[in-house]
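Just so it is clear, the structure is predicted and the values come from calculations on it, not from any experiment.
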Amino acid sequence: MDILQRLLISKTEPKSLPDRIYEELLRDILTGQLARDSRLNEPEICARYQASRTPVREAFRRLEMDGLCEYIPNRGEFVRGLTQPEIDDMLFMRADLEVRCVRWGIARITEEEEEELTEIFNHMEFYTKKGDVQKMVDINTAFHLMLYKTSHDRLLEKTLTAYQSYANYCAPPNYFARNFLKRVLEEHRRIYSAYMNKDVSTAVRAMRLHMNNTLKRSNRPLKGLADDAGELVAEVDPEKNLSLE
């Protein structure tokens with residue numbers, strides 16, 4: 001089963017109770033619904049999910065491993081979350097690692113992975129034409145997960161997958177911005193074409209441009225991400241205006 005199929009199935013399959021508790025607490029922490037330094041009340045969370053202490057504590061341990069919670073002896077579990085500077089650092093690190101992933105991926109991608117990446121991109125084109133924003137969000141995720149897979153580096157893949165999940169909560173793009181689907185498609189087209197052509201320099205510049213524009217779409221531009229990507233703007237966007245004001 002390929003990445004896109006697994007992703008779409010995972011969105012409809014029922015999750016285990018520990019996974020559901022973990023993912024909902026993760027979302028609430030990263031979106032600020034659970035404030036930094038607030039205490040997680042274990043009995044209240046058990047009651048909310050009609051769960052015993054075991055799955056709740058399992059979720060707490062996973063959040064501790066993520067660095068998002070901290071257990072303080074004799075006091076309980078507290079939210080640590082991410083500060084604004086930490087979010088900015090995470091987004092910058094993700095952008096840098098996406099570029100590293102592209103460099104390694106082009107050198108290491110297999111024929112089977114090329115076929116899977118092509119299938120994902122073809123889906124992206126199809127649902128862009130249909131104007132299906134939700135499907136495009138899922139396919140965009142699958143496209144990046146596929147790039148991470150092509151790096152053939154488990155640590156990089158795991159790190160980027162986590163960063164992508166965090167960014168979806170901390171800095172979600174404006175999915176309904178003018179020409180969102182067309183812009184995103186053309187940015188991915190450039191990355192995809194560079195992969196197929198084994199053109200590392202173009203892929204690097206295209207990914208930097210994509211990361212910079214992704215941040216602009218979430219109103220979080222970070223200086224320095226698109227240092228050498230500007231020359232791509234006119235030729236990538238069909239309206240000759242890919243860089244967002």
A.B. asks: What residues, two or more places apart in sequence or in another chain, satisfy side-chain contact (heavy atoms from CB on, under 4.5 Å) together with Lys130?
C.D. replies: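 Result, side-chain contact (heavy atoms from CB on, under 4.5 Å) vs Lys130: Phe126, Tyr127.
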A.B. asks: What's the spacing between Glu24 CD and Ile29 CD1 if we round to 0.5 Å?
C.D. replies: 12.0 Å
A.B. asks: Quick check for you: to the nearest 0.5 Å, what is the distance between Ser201 atom OG and Arg103 atom CZ?
C.D. replies: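 The OG atom of Ser201 sits 9.0 Å away from the CZ atom of Arg103.
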A.B. asks: Using a strict threshold of under 4.0 Å (side-chain N to carboxylate O), is an ion pair present between Glu114 and Lys198?
C.D. replies: yes
A.B. asks: Would you sort out whether Arg53 and Glu42 count as a salt bridge (Lys or Arg N to Asp or Glu O under 4.0 Å), showing the intermediate values?
C.D. replies: CA-CA 7 Å; Arg53 290 183 175 183; Glu42 185 179 298; 3.3 Å; yes
A.B. asks: Taking the side chain as every heavy atom from C-beta outward, state whether Cys101 and Val99 have any pair of such atoms under 4.5 Å apart.
C.D. replies: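 No, every pair of side-chain atoms sits at 4.5 Å or beyond.
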A.B. asks: Are Lys15 and Glu23 close enough for a salt bridge, meaning some N to O gap below 4.0 Å?
C.D. replies: yes
A.B. asks: How many angstroms lie between NE2 in His144 and CG in Leu160, if you round to the nearest 0.5 Å?
C.D. replies: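 Interatomic distance, His144 NE2 to Leu160 CG, rounded to 0.5 Å: 10.0 Å.
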A.B. asks: As a quick check of understanding, evaluate side chain to side chain contact (heavy atoms under 4.5 Å, CB included) for Val79 and Arg39, giving each step before the final call.
C.D. replies: CA-CA 6 Å; Val79 174; Arg39 183 173 178 272; over 6 Å; no
A.B. asks: Contact between Leu25 and Phe60 at the side-chain level, heavy atoms closer than 4.5 Å - yes or no?
C.D. replies: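 With C-beta onward as the side chain, the pair touches.
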A.B. asks: State whether a side-chain donor-acceptor pair under 3.5 Å links Tyr148 with Thr159.
C.D. replies: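 No.
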A.B. asks: When you check the gap from the basic side-chain N to the acidic O, do Glu98 and Arg208 get nearer than 4.0 Å?
C.D. replies: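 No.
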A.B. asks: Is there a side-chain contact between Phe121 and Ile139 in this structure, where contact means two heavy atoms from C-beta onward sitting under 4.5 Å apart?
C.D. replies: no
A.B. asks: Before you tell me yes or no, could you show the steps for Asp138 and Thr141 under side chain to side chain donor-acceptor pair (under 3.5 Å), namely the whole-Å CA-CA distance, both residues' side-chain angles and the distance that decides it to 0.1 Å?
C.D. replies: CA-CA 5 Å; Asp138 294 337; Thr141 297; 5.6 Å; no
A.B. asks: Nearest 0.5 angstrom please: Tyr163 OH to Asn168 CG, how far?
C.D. replies: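 Separation between the atoms: 15.0 Å.
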A.B. asks: Where the side chain of Asn140 meets the backbone of Met136, is there a donor-acceptor pair that is under 3.5 Å apart?
C.D. replies: no
A.B. asks: Looking only at heavy atoms, what is the nearest atom pair of Ile120 and Ala142, with distance?
C.D. replies: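 Scanning both residues completely, I find the closest heavy atoms to be CD1-O, 3.8 Å.
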A.B. asks: Taking all non-hydrogen atoms of both residues into account, name the closest pair between Ala194 and Ile106 and its distance.
C.D. replies: O-CD1, 4.1 Å
A.B. asks: Does Glu186 pair with Lys182 as a salt bridge, N-O distance under 4.0 Å?
C.D. replies: no
A.B. asks: Taking all atoms of both residues into account, what is the closest heavy-atom pair of Trp104 and Leu156, and its distance?
C.D. replies: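 Scanning both residues, the minimum pair turns out to be CE3-CD2, 3.7 Å.
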A.B. asks: Would you name the heavy atoms of His152 and Thr150 that are closest together and state the gap between them?
C.D. replies: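 So the minimum-distance heavy-atom pair works out to CD2-O, 2.9 Å.
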A.B. asks: Evaluate side chain to side chain contact (heavy atoms under 4.5 Å, CB included) for Val102 paired with Val200, printing each intermediate quantity in order.
C.D. replies: CA-CA 7 Å; Val102 162; Val200 175; 5.7 Å; no
A.B. asks: Ion pair present between Arg205 and Asp199, side-chain N to carboxylate O less than 4.0 angstrom?
C.D. replies: no
A.B. asks: Please determine whether a side-chain nitrogen of the Lys or Arg among Arg57 and Glu77 lies less than 4.0 Å from a carboxylate oxygen of the Asp or Glu.
C.D. replies: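 No, Arg57 and Glu77 are not salt-bridged.
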A.B. asks: A cation-pi test, strictly: NZ or CZ of Arg75 under 6.0 Å from the centre of the six-membered ring of Phe78 and no more than 45 degrees from its axis. Yes or no?
C.D. replies: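 Because its charged atom sits under 6.0 Å from the ring centre and within 45° of the axis, Arg75 does stack over Phe78.
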A.B. asks: With a 3.5 Å cut-off and sequence neighbours excluded, list the donor-acceptor pairs that the side chains of residues 64-73 form with protein atoms.
C.D. replies:
unit_1: Glu64; atom_1: OE1; unit_2: Arg61; atom_2: NE; d: 3.2
unit_1: Glu64; atom_1: OE2; unit_2: Arg61; atom_2: NE; d: 3.2
unit_1: Glu64; atom_1: OE2; unit_2: Arg61; atom_2: NH2; d: 2.7
unit_1: Asp66; atom_1: OD2; unit_2: Tyr22; atom_2: OH; d: 2.5
unit_1: Glu70; atom_1: OE1; unit_2: Arg80; atom_2: NE; d: 2.7
unit_1: Glu70; atom_1: OE1; unit_2: Arg80; atom_2: NH2; d: 3.1

A.B. asks: What's the verdict on side chain to side chain contact (heavy atoms under 4.5 Å, CB included) for His188 and Val184, showing C-alpha distance, side-chain angles and the deciding distance?
C.D. replies: CA-CA 6 Å; His188 286 86; Val184 171; 3.3 Å; yes
A.B. asks: So which atom in Pro18 and which in Ala59 form the shortest heavy-atom distance, rounded to 0.1 Å?
C.D. replies: O-CB, 4.2 Å
A.B. asks: Could you give the distance from CE (Met207) to CD (Glu187), rounded to the nearest 0.5 Å?
C.D. replies: 10.0 Å
A.B. asks: Kindly indicate whether the side chain of Lys149, heavy atoms from C-beta on, has any atom under 4.5 Å from the side chain of Thr161.
C.D. replies: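 Lys149 does not reach Thr161 side chain to side chain.
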A.B. asks: Between Leu91 and Met211, is the side chain to side chain contact (heavy atoms under 4.5 Å, CB included) condition met? List the steps.
C.D. replies: CA-CA 9 Å; Leu91 295 173; Met211 286 290 98; over 6 Å; no
A.B. asks: Between Leu82 and Glu86, what is the shortest heavy-atom contact and its length?
C.D. replies: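 It is CA-OE1, 3.3 Å.
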A.B. asks: Report yes if the side chains of Leu185 and Glu125 come closer than 4.5 Å at any heavy-atom pair, otherwise no.
C.D. replies: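 SC-SC contact between Leu185 and Glu125 confirmed.
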A.B. asks: At what distance, to the nearest 0.5 angstrom, does CG of Leu26 lie from CG of Leu34?
C.D. replies: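 Leu26 CG to Leu34 CG: 10.5 Å, rounded to 0.5 Å.
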